[in-house]
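Just below is one structure, and these are the notes that go with it.
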Amino acid sequence: MKFQAIKGVRDILPAESALWNRVEQTAREVFATYGYGEIRLPIFEQTDLFARSVGEESDIVSKEMYSFKTEDGLPERPSIQDLAGFTDWVKKVDIAYERGEIQKDEYFEKQLSEIKYFLQQGPDPGLGWEVYRRVMNGLAFGLDDTVRSQTAKLLSLRPEATASVCRAYIEHGMHTLPGNVKLYYIGPMFRRERPQKGRYRQFYQIGAEVLGQSDAPAIDAEVIEMLMAFFERAGLRSAALQGGKDAGLKPGATTDETTLYINSIGCKECRPKYVEKLRAALVEHINELKADSQRRVETNPLRVLDSKLPEEQAVIEKLPRITEHLCDACREHYGEVKKQLELRGVAYQENWRLVRGLDYYMRTTFEITAPGLGAQNAVCGGGRYDGLVELLGGPATKGIGFAIGTDRLILSLQEAAKQQGAGGTPALQELDVFIAWMGAVAQPEAVKIARTLREAGFSVEVPAEEMKFKKSIGLADKLGARFALIIGENEIAEGKYALKRLSDGVQEKVSADELIAAVRRSNE
RNA sequence: GUGAGCGUAGCUCAGCUGGUAGAGCAUCGGUCUGUGGAACCGAGGGUCGUGGGUUCAAAUCCCAUCGCUCACCCCA
């Protein structure tokens, strides 16, 4: 076995792809009824787009993207001339950094020292791509616009699609469109993480975004309503209405039911204040925390709330909750979102420990977990991201959206089917008619009839070479054909074919004219 | 990046404390040259993940390496 799919990617074979198509088709139909249009996006973008939107410090950007340069970008291994160019930049950057013109930042400083080291070494092939990539990133991330434009050719496979949607929104002036702009997308994303159950390096998402001037809570609620409508249509077991109780569960908690968790994580005004309160509270209990959480107190205190460690749960329960520290505007917005959800009969559980990983989220956040998955049991995550479009250079715009992890949704559906004992045999390709022909005179006839049937919309299999009759019928059976159409010398002479229904073996004689009607009639 | 478990036929797996590979399913052929599902007979398909070591002898023991899986980190 010489070649195999690379780590974290996989083939989806016909036995499974039928379900995939059904799920994606359901999304298209449901989203269309809510007025969403499909946007087909490129699979790669300028690295910087993701760096800005997702956050340069995030794991996604700092180490999980598949990045590469374009032909007209900088060469993979710098030549002497390029080095001269680098040296100039670095001098400029160094001076700007010392003067404080570039924001002081540990990450950037590290990049800069890597670059300096690299330059001292000269164009040594032994240094390889990895260091060079960091040089590129370093240059791309911290520099003034003239330098940035020279490194703008560093591209990345998209790790998510919200940034692309916003980019497209800006690029095509969609803010001039009437009403809110509602878009959905379906397709693969790429993250270079260690694979595990429900987590792949090429994974698929179905997502939707609403962009426009309004941040009315009813928009949030309608987005979630649509999502739940989709899950229901897709056949995911749904949660019973439990109302505004605070589940207090960390998002990874296992439940047997599909569950919608919601939270508000505040805005630029109130969140930083809360984070400081949280950090202060955590520092008090620092000794009760494990290493991972201790580190997070510094890097991202909100993440401590995500901890699954049993020994940390007691501490976490006593921490300040963001819902109690929201500013008036955010509290009001959140309250209204909940009302709107109840109005729509959407079952939800509040979860104050639900925090989002990406920088751009604010206010409403939500996540849906489904049964039958492993540790990665979130099938959907989303939230509001007012200001993201602006951050990317567009007009002031409100936004909210979600992304469904299709791989996980499929996994959960398959798991449910397995438990109901339904999913024993993988679905065969639909096959209506197998043409069992024999004798050289029958072959042209078989080809003609196949064409006619196919034009009528039936799926037809014609053996490419003559088979023994018994084999032929046997193959029809194994392929799961509904009918075998028998054409031999007798049939040609008689002008009538034998149409055999394989489920019960009943056979009738039909002329060419009657054939389509006959197949259609007994097709139920 | 970290940890654990696992790599034997297309698939699921057996192979006990070393004696140089097996089953079931699947595939193909035959019994069966105009009627499928069954039965019976037969065939193909494996450098036992790879490389090294111990040994007269390694799928089996040891080391290394690669791959897969699950979990952590992070996140959909």
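Below, each value reflects all heavy atoms present in this structure, side chains not excepted, and no hydrogens, waters or symmetry copies. Just so it is clear: chains get the letters A, B, ... in the order the sequence lines come, proteins before strands, and each one is counted from 1. For clarity, every value in this text was computed on a predicted model and none was experimentally measured.
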Taking the minimum atom-to-atom distance to the side chain of Asp477(A), which one of G37(B), G34(B), A71(B) wins? G37(B)
Are Lys7(A) and C68(B) close enough that a side-chain N or O sits under 4.0 Å from OP1 or OP2? yes
Answer yes or no: side-chain N or O of Arg191(A) and base N or O of A76(B) forming a donor-acceptor pair under 3.5 Å. yes
Does U2(B) pair with anything, Watson-Crick or G-U wobble, both distances under 3.5 Å, and if so, with which nucleotide? A71(B)
Short side-chain N/O contact from Gln4(A) to OP1 or OP2 of G67(B), under 4.0 Å: no
Could you say whether Ala5(A) or Asp292(A) is positioned toward the 5' end of RNA chain B, judged by the nucleotide with the nearest heavy atom to each? Ala5(A)
Listed nucleotide nearest any side-chain atom of Lys468(A), set U33(B), A71(B), C75(B): U33(B)
Tell me the interatomic distance from Phe469(A), atom CZ, to U35(B), atom P, rounded to whole angstroms. 7 Å
Looking at Lys470(A), I'd like to know whether one of its side-chain N or O atoms comes within less than 4.0 Å of OP1 or OP2 on G29(B). no
Starting at atom CG of Asn377(A), determine the distance to atom C1' of C70(B), rounded to an integer number of angstrom. 15 Å
For C61(B) versus U8(B), give the span between their P atoms, rounded off to a whole number of Å. 15 Å
OP1 or OP2 of U35(B) versus the side-chain N and O atoms of Lys500(A): is any pair under 4.0 Å? no
Has the side chain of Gln376(A) got a donor or acceptor that lies under 3.5 Å from a partner of the other kind on the base of A71(B)? no
What's the gap between C32(B) and C40(B) when it is taken at their C1' atoms, as a whole Å value? 12 Å
With rounding to the closest Å, how many angstrom separate the P atoms on G53(B) and U60(B)? 14 Å
Here's a test of your reading of the structure: between Gly505(A) and Asp407(A), which maps to the more 5' nucleotide of RNA chain B? Gly505(A)
Assess whether one donor atom and one acceptor atom, taken from the side chain of Gln507(A) and the base of G36(B), lie less than 3.5 Å apart. no
With a 3.5 Å limit on both atom pairs, tell me what U33(B) is paired to, counting Watson-Crick and G-U wobble, or say none. none
Given atom CZ of Phe3(A) and atom P of C68(B), what is their separation to the nearest angstrom? 16 Å
Can you tell me if the side-chain N/O atoms of Gln196(A) get under 4.0 Å from OP1 or OP2 in A71(B)? yes
Work out how far the C1' atom of C28(B) is from that of G5(B), and round it to whole angstrom. 37 Å
Parallel under 30°, tilted from 30 to 60°, perpendicular over 60°: which one fits the rings of Phe230(A) and Phe31(A)? tilted
Polar side-chain atom of Thr365(A) near backbone of Val355(A) as donor-acceptor pair, under 3.5 Å: no
Choose from C74(B), C70(B), G34(B) the nucleotide whose nearest atom is closest to any side-chain atom of Asn490(A). G34(B)
Do the ring centers of Phe68(A) and Phe44(A) come within less than 6.0 Å of each other? yes
Rounded to whole Å, the CD-P distance (Glu64(A) to C73(B)) equals 13 Å
Distance in angstrom units between Leu309(A) CG and C73(B) P, rounded: 7 Å
Rounded to the nearest 0.5 Å, what's the gap from NZ on Lys509(A) to CG on Asn490(A)? Could you check? 7.5 Å
Between C1' on C74(B) and NZ on Lys290(A), what's the gap in Å once rounded to a whole number? 20 Å
Does a side chain donor of either Glu24(A) or Thr406(A) reach within less than 3.5 Å of an acceptor in the other side chain? no
Interatomic distance, CD1@Ile368(A) vs CD1@Ile262(A), rounded to 0.5 Å, equals 11.0 Å
Atom CD1 of Ile60(A) and atom C1' of A76(B): how far apart are they, to the nearest Å? 9 Å
Rounding to an integer number of angstrom, what distance separates G15(B) and G22(B) when you compare their C1' atoms? 7 Å
I'd like the P distance from C13(B) over to G52(B), given in whole Å. 30 Å
Say we look at G49(B) and U69(B): how far apart would their C1' atoms be, to the nearest angstrom? 15 Å
Paired to G10(B) by Watson-Crick or G-U wobble criteria (both distances under 3.5 Å) is C25(B)
Would you say a side-chain N or O of Lys308(A) is under 4.0 Å from OP1 or OP2 of A71(B)? no
If you only use heavy atoms from C-beta on, which nucleotide in C72(B), C74(B), U35(B) is closest to the side chain of Ile473(A)? U35(B)
Is any side-chain nitrogen or oxygen of Arg192(A) closer than 4.0 Å to OP1 or OP2 of C74(B)? no
Quiz item: Arg199(A) side-chain donor-acceptor pair to C74(B) base, under 3.5 Å: yes
Can you tell which of C74(B), U33(B), U35(B) lies closest to the side chain of Glu193(A)? C74(B)
Atom P, compared across A64(B) and C25(B): separation rounded to whole Å: 41 Å
